[in-house]
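A quick write-up on the structure given underneath.
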Amino acid sequence: MRKLLPAMFSRDVCGDLPPLARIICVGRQDCCQEDFLNTVSTTSKPHIKSPAVTAENWERFTKRIVYVSLNATESGTYAPLVEALRADPAITRVYYLATPPHLFAQICDNLKENGLATPNSRVVLEKPLGRDLASAKQINAEVGEVFSESQIYRIDHYLGKETVQNLLALRFGNILFEPLWRREWISDVQITIAEKLGVGNRIGYYDTSGALRDMLQNHLLQLLCIVAMEPPTSIAPDAVRDAKLQVLRSLKRFTPTTLAQNIVRGQYRAGHVDGKPVPSYRDEPDAPQHSRTETFVAMKAEIDTWRWAGVPFYLRTGKRMADSLAEIVVRFKQIPHSIFNQPTSSFQPNSLVIRLQPDEGLRMNLMAKTPGEGMRLKPAELELDFRETFKMPRMDAYERLLLDVLRGQLTLFMRGDELEAAWEWVEPILNNWEQDDSAPLPYSSGTWGPAAASALIGRDGLQWREEA
Ligand code: BG6
């Protein structure tokens with residue numbers, strides 16, 4: 001209601017849906033078409049950002065919608081879906097499983113049993129895609145018995161964000177960066193996804209997941225892959241996914257000792273966000289009083305390749321932070337020698353800041369001469385604001401990814417082996433935390449997390465960007 005239907009609406013108004021496209025909404029509730037459309041109108045419509053809803057475009061959109069009631073786990077109840085799909089067997093079918101992951105396999109089996117898993121079908125899987133390596137493997141194997149890999153679209157909505165694709169454009173559409181994009185010239189990389197939001201009404205899911213599973217295993221690692229991957233031979237799905245897989249497989253494994261030194265986990269306590277008081281994680285409605293679920297993770301990761309050996313990648317994510325932002329900061333090394341009348345230490349090393357949220361853009365920090373007499377150099381910025389530069393309507397990540405599914409473009413979706421490699425790398429961390437009875441470090445809501453996160457990066461003589 002919040003993401004998918006608004007995304008379909010926007011694409012429909014922009015003329016991207018085929019004329020005969022239908023949206024079959026499937027739920028357990030026995031509800032008539034009219035009541036369902038009323039729910040869509042009250043629940044979904046408010047989440048549409050653009051284009052503006054008019055009586056005419058809304059009517060055209062809702063004419064595409066059909067509501068079908070069935071019990072996903074009972075194959076015998078699928079008849080209404082079979083009926084709804086009978087009219088156009090040759091048309092591409094996209095089954096979007098916005099369900100808990102333990103239902104994926106059974107739904108796929110039931111689709112098959114009812115003759116609905118046709119060769120022209122695609123299946124979209126929403127995260128969480130498992131909760132550890134074993135469950136991810138199981139999902140891959142079970143869904144793989146019904147659909148081939150080229151029919152499976154594993155969504156990570158971060159890959160649908162404009163700036164992530166722009167990072168590909170920046171790295172491989174310009175000659176400027178690639179020669180410098182390596183250990184000889186880059187000192188460190190920071191990737192942060194911070195949210196002011198708390199856990200909201202998702203405690204049931206979140207408390208069994210935590211920030212490592214919810215954000216790091218997928219979104220942060222995907223961003224890391226795009227920053228660190230070798231140039232793929234083309235933008236074709238397997239070329240890009242092979243390059244990302246290589247990064248995941250080259251991540252240095254943590255041992256219990258390196259893990260304790262290089263990872264900080266935290267949990268928010270009461271505090272103030274935007275001047276308003278907010279409760280502690282453990283006081284959120286229905287939260288377990290002694291929950292040890294982390295709402296914050298910061299870590300120092302390393303990639304064991306010729307290109308990256310010794311370059312720290314600092315990853316950080318958290319809820320109830322001081323600000324909502326997602327950004328990648330690539331910091332270059334210090335100049336080797338100053339020819340000016342100021343010491344080398346007064347030169348701020350160059351950095352490239354790639355912002356995904358709240359605004360989208362790139363900023364290159366350089367040293368420049370201050371105007372006037374004498375030769376004084378100071379930090380200055382080269383800024384590329386995508387909104388200003390390209391005055392075009394934006395597409396939400398879900399809109400872009402849904403269109404890619406309809407068009408059969410797999411590049412921005414994770415392949416099964418990528419998913420497993422990401423779980424394989426985080427699994428020792430999960431196991432260690434499970435066996436360890438210490439709790440995550442507390443941090444006040446509205447801050448940048450536990451002080452230990454600053455100490456983690458401070459040990460290397462560095463600071464998180466907002467502290468610099
Ligand atoms: C989701 C997580 O995948 O991403 C949420 O489950 C998180 O916990 C969200 O809030 C963040 O996405 P975005 O696009 O709002 O940064």
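Each ligand, and each atom within it, is numbered from 1 in the order the structure gives. This structure is a prediction, so every number in the text was calculated from the model and none was measured. Values below: all heavy atoms of this structure, side chains included; hydrogens, waters and symmetry mates excluded.
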Self-check item: With sequence neighbours excluded, residues passing ring pair (Phe, Tyr, Trp, His ring centres under 6.0 Å) with Tyr96
Solution: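 Tyr96 satisfies ring pair (Phe, Tyr, Trp, His ring centres under 6.0 Å) with no residue once adjacent residues are dropped.
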Self-check item: ring pair (Phe, Tyr, Trp, His ring centres under 6.0 Å) against Phe9, all qualifying residues, sequence neighbours excluded
Solution: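 For Phe9, the residues satisfying ring pair (Phe, Tyr, Trp, His ring centres under 6.0 Å) (neighbours in sequence not counted) are Trp58, Phe61.
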Self-check item: Ser44: side-chain contact (heavy atoms from CB on, under 4.5 Å) partners, not counting sequence neighbours
Solution: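 Ser44 satisfies side-chain contact (heavy atoms from CB on, under 4.5 Å) with Met1, Leu5, Pro6, Val40 once adjacent residues are dropped.
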Self-check item: Between Gln267 and Arg269: side-chain donor-acceptor atoms closer than 3.5 Å
Solution: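 Yes - a donor-acceptor pair under 3.5 Å links their side chains.
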Quiz item: Between the side chains of Glu327 and Gln190, is a donor N or O closer than 3.5 angstrom to an acceptor N or O?
Solution: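 No donor-acceptor contact under 3.5 Å links the two side chains.
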Quiz item: Do Glu360 and Arg394 meet the salt-bridge criterion of a basic N to acidic O distance under 4.0 Å?
Solution: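 Salt bridge flag = yes for Glu360 with Arg394.
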Practice problem: Below 4.0 Å from any atom of ligand 1, which residues have a heavy atom? Give them in chain and number order, please. | Solution: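 Lining ligand 1 at under 4.0 Å, by heavy atoms, one finds Lys127, His157, Tyr158, Lys161, Glu195, Arg202, Asp214, Met215, His219, Lys319, Gln357.
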